[in-house]
Structure formats: C-alpha cells, structure tokens
Amino acid sequence: MLMFSNQAHAQQTVISGTVTDGSTKESLPYVSYQIVGTTLGGKTDADGKFSLTIKGEGTVLKFSYVGYKAQTRTIKAAASQVINVQLMPDAMLMNEVVISAGKKPRYRNKENPAVELIRKVIANKSKNKMENYNFVEYQKYELMKFSLSNLSDKFKNKRVFRNYQFLFQEQDSTQIGGKNFLPVFQEEKLSDVFFRKRPEQTKTVVIADKRVNFDERFIDNQGLTAYFDRMYQDINIYDNNINVVSNQLLSPIADSAPTFYKYFITDTIKNHNPQLIELAFTPRNKTDLLFEGKLYITLDGNYAIQNAYLTVNKDINLNFVRALEAKLDFERNPDQRYHLSKSNLIVDFGLSKKSGGGFTGERTVAFKDFKINVPVPDTTFKSGGQLAVLPDASKRSEEFWANNRPIPLSPTGIKIYGNIDSLQTIPSFKRTLDIVTLFFAGYKDFGPFEMGPVNTFYSFNGVEGFRLRLGGRTTPALSKRYYLETYAAYGFKDEKWKYFLSGTYSLNNKSIYAFPQNYIRASFQRDTKIPGQELQFVQEDNFLLSFKRGDNNMMLYNDFYRLDYVHEFENHFSYTLGLRKWKQSPAGSLYFSNASPDGLISRTDHINTTEISVGLRYAPNEKFYQGKVYRVPFVGPHPVFNFRYTGGIKGVLGGEYNYHNFMGSIDKRVYLSQLGYTDVTLEGAYIIGKVPFPLLAIHRANQTYAYQLNSYNLMNFLEFVSDHYASVNLDHNFNGFFFNKIPLLKKLKLREVMSLKVLYGGLRDENNPDKNPDAMQFVRNANGQSITNSLNNEPYMEGSVGIGNIFKVLRVDAVKRFNYLDNPEVSSWGIRARVKFDF
C-alpha cells in the first residue's frame with residue numbers, strides 16, 4: 001500500500017507560478033490557463049499567482065487574457081515546477097481607417113445588459129452575505145505593513161543611513177509606492193471569529209498578536225494600531241458603503257450603484273466552473289467618492305462576486321492619496337455559494353500625487369477553516385464582549401507564527417520586527433522622534449520628567465495681560481504607579497501667580513494615560529477661566545486662542561481642591577467619582593452683586609461651593625489615539641453617551657449652596673452615502689435649586705476667530721445662562737457632492753459644509769433676577785445694559801455654510817446668527833476658519 005501511494009504521488013505534476021504584464025511587470029489577476037486538449041485549468045488569483053496539480057502526462061499549458069497575446073509553455077511530466085509567465089499586450093497594426101458619420105452612443109442604463117446583470121447581483125446580495133447563514137465561524141489572519149515609500153536614492157544614501165542599508169527594501173519601480181521602501185510598522189493578528197444570526201452577534205477572539213512596538217514616550221502603540229485599523233478596515237463588497245481611509249466609498253454593487261456608476265461587460269470566462277462574466281465599472285463623475293475596476297460574477301443563478309479588483313480614479317476627491325488598489329478573492333462554500341478568502345488593500349499617500357516621498361500602507365487579510373451553520377454555544381457570545389484577547393496573545397513564539405500563518409511572510413517581512421528595533425537605536429532617529437513629539441504633542445522628554453505643553457508657555461488676555469507659564473509632569477520612567485504634574489503661571493497685568501499641582505496613583509499598574517484607566521487623583525489649581533468657554537483637545541491658555549473678538553475682560557479666579565476617581569472598562573464604559581471644593585472670584589469687569597430689600601446693590605467677593613459628582617460614559621466600539629494631553633477619538637458610526645450628576649452640599653467644607661445638576665448628551669455620526677455625513681449632538685440639563693448665575697449652565701460661547709464645532713460661534717461669553725435647557729447640533733459635510741459636478745471648480749476638490757445649532761433654555765423665577773430680586777444680579781455693561789440673559793422667550797439659533805478642503809486643510813464658514821440681535825455687542829454674521837487634516 002505504501003509503495004502504491006508513493007508511486008501515485010510520483011506521477012503527479014505540480015505547476016505553480018506568477019503571471020505578469022511583460023511591459024509594466026505588474027501582476028495580472030484572473031488570467032485564464034488551461035492544459036491544451038483537456039478541460040483542466042483555472043484562473044490566477046488577485047496577485048497573478050496560480051497553482052495546478054494534475055495526474056498523468058501533460059504537455060502544454062496555455063495562458064490567455066483579454067488584450068494580451070496568448071502564450072504556451074511546455075510542462076515537465078511527473079515533476080514539481082515553477083512557471084512564471086510574462087504576457088505581452090496585443091498591439092495589432094492597422095491600416096488607415098476613416099470614420100465618418102459616427103457618434104459615440106450615449107451611455108444609458110435602459111436596455112443595457114451590463115446594468116441588467118448588476119441589478120441581478122444587487123437583487124441576490126442578501127443570500128450571498130455572511131448574514132444569510134444561521135452560524136458562521138472562521139479563522140482570520142491580518143497583516144498590516146506601513147512604510148516610508150517612493151524614497152529617492154539621495155535619501156537612502158544619507159550619512160545617517162550609511163550603516164543601516166539593511167533597513168531598506170526594494171521592489172519594481174512601477175509598483176505602488178515606487179522603488180525604495182523604509183518599513184516603519186508591521187503587525188500580524190490571528191483571530192477566531194464567530195457569528196450567529198439570531199440574535200445577531202459577532203465575537204472575535206484574538207489568539208495571537210505580534211507588532212512593532214515603539215518607545216511609549218513618543219508613540220501610543222495601541223492608538224497607532226487603532227488608527228491603521230480605521231484607515232484600513234475590512235472590505236465587504238456586499239455592504240452599500242465601504243470604509244477606506246476614513247471615508248465611505250459607494251460599493252459598485254450598492255443598491256443605488258447604477259445611478260452613480262457605468263458598467264461594461266468585457267469578457268466571458270467559460271473555462272471556469274461556474275462560468276464568469278467580467279464586468280468593468282467606472283464612476284460617472286471621476287471626482288466623486290467611488291471606485292473603478294472589475295468584478296467577476298458567477299453565472300450559476302447566485303450572481304455572486306467570485307473576484308473583485310477595486311481602485312480609484314486619479315481625479316477622485318481624496319486628499320493625499322496617490323494610489324489605491326484592493327483585490328478580493330472568494331472561495332466556494334459546501335452549499336455552492338462563496339465567502340471571502342483573501343483581501344489585499346494598498347494605499348499610497350503623499351503630499352504630492354506625482355512625486356516625492358510618501359507613505360504606503362498595505363493590509364492583507366486571509367480567511368481559513370470557514371464553517372457554516374455549525375451551532376456555536378451561547379457561552380461564546382456572553383463572555384468578554386464583542387472582542388476578547390487571550391492573555392498570552394502577544395507572547396506567541398516564532399514557531400507558533402511559522403506554523404499558523406496562512407500566508408508565509410517573506411524573509412524581508414520576518415526581518416522587519418528586528419530592523420525597526422535597530423532603527424530606534426539610531427541617535428538621529430530618536431532625535432527626530434523627540435522633535436516630532438515636541439511639535440505635535442508639545443512636550444520635551446527628559447526621561448523621568450517631561451516639560452510642556454509648549455504652546456501654553458506664552459499667551460495673553462484682557463485680565464492677565466501677558467502670561468508666562470512653565471510646567472511639566474513625571475513619566476512612567478520614574479514610576480508606573482505614581483504621577484505628579486505641576487505648572488506655574490504669572491500675569492504681568494494683574495500681577496498674580498497661578499499654579500497647579502496634582503498627584504495620581506494608578507490602581508492597575510498601568511500608565512494613567514493608557515486604556516483602560518483606573519486611578520485616583522488629588523489636585524489643587526488656582527487659575528483664571530473665561531465663563532462659558534469649553535474647549536476640546538486644546539487648553540484655554542493656548543497661544544492661538546489669545547486672539548479674540550470684542551471685549552474679553554470678564555474672567556474668574558478659581559481655586560479648585562479636587563479628589564477624583566476614574567475607572568474604565570474594556571467595553572468602553574467608564575465612571576468617575578469626584579469631590580470638589582470650589583472658590584470663584586470675579587476678575588476684570590465681571591462682578592457678583594445682590595440686591596437688598598431697600599434697593600441697594602451689594603458686591604460679593606467670592607462664591608464657595610462644595611460638590612460631589614458622578615459621571616457615566618459609554619462609547620461602544622470606540623477607537624482613539626492617546627496623545628500626551630488629550631485622548632483623541634476617531635469618529636465613527638457608533639453613538640457616545642454621557643451622563644453627569646453634580647450635587648452642591650451646603651455647610652460642608654464651606655459650601656454655600658444646595659443644588660442638583662443633571663446633564664446628559666448623545667453624539668453620533670450619521671453617514672448618508674454619497675451625500676456625505678452629519679455629526680449630530682443632542683444635549684440637555686436640568687438644575688434643581690436656587691443658585692447664583694455662575695453656578696447655572698453658562699452656554700458655550702466663542703469669541704475667537706476659529707470655528708468651534710461644539711460652541712456657539714456668534715454668542716458672546718456669559719451672554720446666556722439657563723437652569724434647564726435642550727440643544728441640537730448638526731454639522732454636515734457633503735464631501736464635494738455638488739462641487740464635483742461643476743466644471744473647473746471640481747478640479748479644486750473643495751467640499752461643501754453646513755451647520756445648524758438650536759438651543760432651547762430658560763430660567764425658573766427663583767433663579768431669574770428679573771423675576772426674583774433675591775437672585776444674584778446679571779452682569780451689566782457701562783451703559784447699564786444686561787450682557788447676561790435667559791432664553792425664556794425663544795431658542796437661540798445660528799447656522800453656517802462653508803467651504804472645506806481649501807488647500808486640503810482649511811475650512812471657512814460664513815456664520816449667521818438668527819435671533820437675539822438686540823443684545824449688546826453682538827454680530828449677526830461672521831467669518832470663522834478651522835484647520836483640519838482629513839483625507
């Protein structure tokens with residue numbers, strides 16, 4: 001039996017290889033190959049690779065592809081062999097041809113066989129999706145690589161790299177990314193994925209994770225992975241919209257695709273079982289966020305996608321993207337339907353689309369052990385949320401990876417991990433990271449201590465005049481449990497010192513800036529604050545915010561004594577508990593006053609409060625980058641819920657007021673396919689108790705010239721206060737949907753934006769000094785006009801229309817205020833600008 005088995009194996013002929021374009025050297029996907037005189041054969045995959053095993057003697061293997069000259073190769077019988085083929089374009093010589101009385105027919109969907117075919121694909125989408133099965137499970141392998149690309153020989157041969165030439169990789173210069181590469185990041189991940197239809201749930205269990213790790217002083221490794229995951233998401237062609245480089249591109253088989261795409265039948269592949277139709281597609285408008293490429297559709301009644309090649313037009317309204325290419329391969333299930341077996345996405349970025357260095361990212365995903373309708377126990381979905389990571393996932397051996405990678409890494413790919421470690425030891429590279437961190441994060445690292453933020457060292461305002469500040473904080477290099485932070489500032493006009501000191505203890509032996517946070521912090525702060533100015537991802541004494549419109553001399557001197565506890569969970573639910581003693585004193589032209597029964601006005605020097613607080617936050621599936629100062633979330637389709645309760649306690653630690661403040665908000669991005677997306681914020685609050693106006697809700701105003709998404713850009717500081725309110729904020733980006741249709745203008749790749757902000761609010765009589773003389777009086781200007789008001793009459797409304805993507809980074813809005821125009825020193829309209837880097 002054994003000898004018979006060996007003889008049988010010896011008679012097998014194994015052929016493999018790659019088919020490329022003889023001119024460009026690029027791999028050719030889906031080339032047909034066949035043993036001449038037989039029905040044996042197939043098609044190359046998305047990378048131009050093929051493999052064939054036959055028994056008996058074969059003689060000739062023929063390769064054919066539309067637009068190329070066919071080639072034949074002789075086969076060595078009963079042997080394993082590699083046959084690489086270069087097909088040459090079929091450029092036929094023609095005599096002179098005179099064309100007359102001809103007109104290119106107008107493309108129409110009606111009675112177009114290509115459109116009829118794609119409508120059948122759309123009609124059959126539901127049964128070809130994974131969600132059609134009751135249960136699915138598979139193993140998923142992900143490989144993410146990111147490199148400096150298109151590097152010149154001059155860059156490569158710089159003195160700093162003279163002894164580190166091993167860091168560079170080379171490829172054919174016609175490939176995406178150019179000739180010279182310098183890999184800077186690589187990650188592999190192996191996961192078991194489980195899906196069930198009722199109730200619909202997906203569970204991913206990461207069993208192995210291997211990646212390049214940078215020095216945490218400079219780069220948030222988890223945040224870097226999250227950022228790349230956002231840029232390079234899984235491609236499901238059966239979804240109506242496909243997420244690529246933080247944008248949504250309409251799928252060529254979306255329900256509305258025939259409205260935006262043109263389709264052409266370019267080939268019928270009859271030697272494939274089942275037969276395939278090659279369908280080319282292209283956007284009707286080249287600048288719209290759409291793909292172009294080819295689909296290979298099965299003619300077995302399922303009208304499934306068997307292969308897909310996706311790219312984008314060079315004129316697409318995407319910033320910094322020089323080239324994009326995605327290849328999808330599908331395999332047949334036991335029920336004769338198809339599942340995705342491999343996807344490959346490459347995107348090349350650069351400031352210039354034609355030349356210069358850039359970045360190239362490549363993500364390959366492979367699926368194996370695909371099982372359908374095999375029941376999965378309920379316990380699999382109930383524990384650990386949607387994503388679970390095995391404790392030893394990051395500790396897998398090289399032997400484990402070698403045995404479990406479905407796609408072997410190339411020798412250069414294996415070396416990347418060690419090469420990046422070597423790169424980080426180069427003094428000049430470390431200096432470069434140090435400079436980049438200082439520029440973007442604002443901190444200079446000194447080992448156990450870092451100084452910053454740099455952009456707060458100098459600023460100015462109407463109360464303090466010129467303000468100098470110097471501060472810093474300890475790092476994990478000093479302790480992973482204890483953290484200290486401090487700063488001191490001095491105003492040359494008010495001649496007062498301000499300072500801050502905090503001590504934090506980590507309860508989970510992780511950095512207090514790492515997710516999930518779990519720490520307790522005690523702090524004291526004495527500093528100024530503008531009432532009603534609330535900022536995101538920037539500090540109030542940032543130099544750039546020193547430039548403001550109108551009078552800005554109403555401020556508060558605050559003394560905060562705080563004790564805070566923060567606890568985050570892996571499912572992105574978190575809660576905070578706080579105790580705060582707060583002393584507010586007016587500064588500049590701001591004052592606190594009360595009216596006595598005899599009509600006299602008395603001034604109050606300060607307000608003392610003691611507060612307890614509870615904050616709840618739930619951000620399902622949130623991804624973010626943890627910076628040095630702020631955690632910057634990547635906005636996605638999932639909502640973010642916030643709730644906060646603050647209670648004032650009279651008679652405790654000098655507190656003078658009893659009150660209860662309940663506040664809640666919901667943030668969500670709503671995607672509207674080709675019409676762009678809308679960021680929606682709903683917010684409301686209710687304050688129970690009689691309190692002075694500094695303890696009311698002072699609505700977020702903005703007197704800078706920067707457009708602020710979460711503030712009212714034509715509202716003055718301290719202009720409106722409420723003890724109950726509800727608001728809706730809408731900010732819509734059309735992604736150039738209309739500008740892309742206007743000749744000449746579309747070349748600028750501008751994008752339309754608009755917003756609407758509506759604020760309903762009011763004051764109960766007990767908190768309104770116009771109704772209750774005992775309430776603290778509102779602030780008035782030199783003419784006796786009240787500059788602080790309630791919203792009892794009508795909602796405050798403002799809206800804007802603007803142009804985004806100016807020079808790829810600038811948004812400019814014309815903002816219109818619709819009411820309360822009789823209030824002192826207000827503007828009915830204004831121009832505001834915002835810098836935003838986006839693809």
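What's counted below: heavy atoms across the whole structure, side chains too, no hydrogens, waters or symmetry copies.
Between R669 and D679, at least one side-chain N (NZ, or NE/NH1/NH2) sits under 4.0 Å from a carboxylate O, which counts as a salt bridge. A salt bridge links E568 and R631; the closest N-O separation between the charged side-chain nitrogens and carboxylate oxygens is under 4.0 Å. A salt bridge links K836 with D838: at least one charged nitrogen is closer than 4.0 Å to a carboxylate oxygen. R617 and E622 are joined by a salt bridge, as a carboxylate oxygen and a charged side-chain nitrogen come within less than 4.0 angstrom of each other. One finds no salt bridge joining K444 and E450 here, because no Lys/Arg side-chain nitrogen approaches an Asp/Glu carboxylate oxygen to under 4.0 Å. Taking the charged nitrogens against the carboxylate oxygens, R467 and D527 do have a contact shorter than 4.0 Å, which makes a salt bridge.
Considering only heavy atoms from C-beta on, T474 stays 4.5 Å or farther from Y482 through its side chain. Counting heavy atoms from C-beta on, the side chains of L653 and W582 never come closer than 4.5 Å. Counting heavy atoms from C-beta on, the side chains of R644 and T576 come closer than 4.5 Å. Between L148 and F359 the shortest side-chain heavy-atom distance falls below 4.5 Å. Between V826 and M715 there is no side-chain heavy-atom pair separated by less than 4.5 Å. Side-chain contact check for L151 versus L182: some heavy-atom pair is nearer than 4.5 Å. Residues V640 and K668 fail the side-chain proximity criterion, which asks for heavy atoms closer than 4.5 Å. Side-chain contact check for Y705 versus R832: some heavy-atom pair is nearer than 4.5 Å.
Tested against W497 for a ring pair (Phe, Tyr, Trp, His ring centres under 6.0 Å), the candidates Y557, F492, Y490 yield a single pass: Y490. Among K583, K581, R580, R526, the one residue that satisfies the salt bridge (Lys or Arg N to Asp or Glu O under 4.0 Å) test with D559 is R526. Tested against S506 for a side chain to side chain donor-acceptor pair (under 3.5 Å), the candidates N508, N509, T504 yield a single pass: N508.
Rounding to the nearest 0.5 Å gives a distance of 5.5 Å between CG of L718 and CZ of F693. Interatomic distance, Q517 CD to K510 NZ, rounded to the nearest 0.5 Å: 11.0 Å. Distance check, rounded to the nearest 0.5 Å: OH of Y519 to CG of L507 gives 10.5 Å. Atoms CE and CD, from M144 and E187 in turn, are 9.0 Å apart once rounded to the nearest 0.5 Å. Annotation: the span from I649 atom CD1 to L579 atom CG amounts to 7.5 Å, rounded to 0.5 Å. Interatomic distance, N767 CG to I687 CD1, rounded to the nearest 0.5 Å: 7.5 Å.
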Do F349 and F320 pass the ring-ring contact (aromatic ring centres under 6.0 Å, His included) test, and can you show the C-alpha distance, the side-chain angles, and the key distance before you say yes or no?
CA-CA 5 Å; F349 304 94; F320 314 117; 8.5 Å; no
Check the pair S613, T646 against side-chain hydrogen bond (donor to acceptor under 3.5 Å, both in side chains), reporting the backbone distance first and the verdict last.
CA-CA 4 Å; S613 62; T646 303; 5.3 Å; no
Could you give me the CA-CA distance, side-chain angles and deciding distance for Y645 and H660, then say whether side-chain hydrogen bond (donor to acceptor under 3.5 Å, both in side chains) is met?
CA-CA 7 Å; Y645 163 76; H660 306 277; 2.7 Å; yes
Salt bridge (charged side-chain N to carboxylate O under 4.0 Å, His left out) between R562 and D564, worked out:
CA-CA 6 Å; R562 299 181 58 132; D564 297 288; 3.2 Å; yes
Report the C-alpha distance between N319 and N805 in whole Å, list the side-chain angles of each, state the deciding distance to 0.1 Å, and finish with yes or no for side-chain hydrogen bond (donor to acceptor under 3.5 Å, both in side chains).
CA-CA 9 Å; N319 293 332; N805 211 42; 2.4 Å; yes
List the steps, then state whether side-chain hydrogen bond (donor to acceptor under 3.5 Å, both in side chains) holds for T604 with N594.
CA-CA 8 Å; T604 300; N594 292 287; 3.2 Å; yes
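A tilted orientation is assigned to the rings of Y499 and F524, their planes being inclined by 30° to 60°. The aromatic rings of Y796 and Y712 lie perpendicular to each other, with more than 60° between the two planes, well past the 30° mark. Between F460 and Y458, the angle of the ring planes lies from 30° to 60°, which puts this pair in the tilted group. Taking the six-membered ring where tryptophan is involved, the planes of Y487 and F500 are essentially parallel, since the angle between them stays under 30° and well short of 60°. Ring pair Y725/H699 is perpendicular by interplanar angle, where above 60° counts as perpendicular and below 30° as parallel.
Judged by distance alone, with hydrogens and angles left aside, the side-chain atoms of S786 form a donor-acceptor pair with the main-chain N or O of T788 at under 3.5 Å. Side chain of D605 to backbone of S585: no donor-acceptor contact under 3.5 angstrom is found. Side chain of E656 to main chain of N608: a donor-acceptor pair is present (N/O by atom type, distance under 3.5 Å, no hydrogens or angles). A donor-acceptor distance shorter than 3.5 angstrom exists from the side chain of Q703 to the backbone of F717, with no hydrogens or angles considered. A donor-acceptor pair is defined here as one N or O able to donate and one able to accept, closer than 3.5 Å; such a pair exists between the side chain of N461 and the backbone of V463. The backbone N or O of K650 sits less than 3.5 Å from a side-chain atom of N658, completing a donor-acceptor pair. In this structure, the side chain of S711 does not engage the main chain of Q708 through any donor-acceptor pair within 3.5 Å. In this structure a side-chain-to-backbone donor-acceptor pair under 3.5 Å is present from K498 to K496. S827 places no side-chain N or O within 3.5 Å of a backbone atom of W829 that could act as its donor or acceptor partner. At distances below 3.5 Å, at least one donor-acceptor pair connects side-chain atoms of T425 with backbone N or O atoms of S422.
Across all non-hydrogen atoms, the minimal contact from S722 to L696 is O-CB, 3.5 Å. Across every non-hydrogen atom of L556 and Q584, the tightest pair is CD1-OE1, 3.3 Å. Looking at every heavy atom in both residues, M554 comes nearest to L590 through CG-N, 3.8 Å. Between I806 and I803, the closest heavy-atom pair is CD1-O, 3.7 Å.
For K808, the NZ atom sits in a packed shell: over 12 heavy atoms of surrounding residues, nucleotides or ligands are nearer than 6.0 Å. Within 6.0 Å of CG on L351 lie no more than 12 heavy atoms contributed by other residues, nucleotides or ligands. Counting heavy-atom neighbours within 6.0 Å of F839 CZ, excluding the residue itself, gives a total above 12.
Looking at E719 and N823, their side chains do bring a donor and an acceptor atom within 3.5 Å of each other. Checking Y707 against S755 by side-chain atom types alone, a donor-acceptor pair falls below 3.5 Å. Side-chain atoms of D667 and T681 include a donor-acceptor pair closer than 3.5 Å.
Seen from the ring of Y443, R473 counts as a face-on cation partner, given the 6.0 Å and 45° thresholds.
A centroid separation of less than 6.0 Å is found between the aromatic rings of F228 and F185. When ring centroids are compared, F515 and F624 come within the 6.0 Å threshold.
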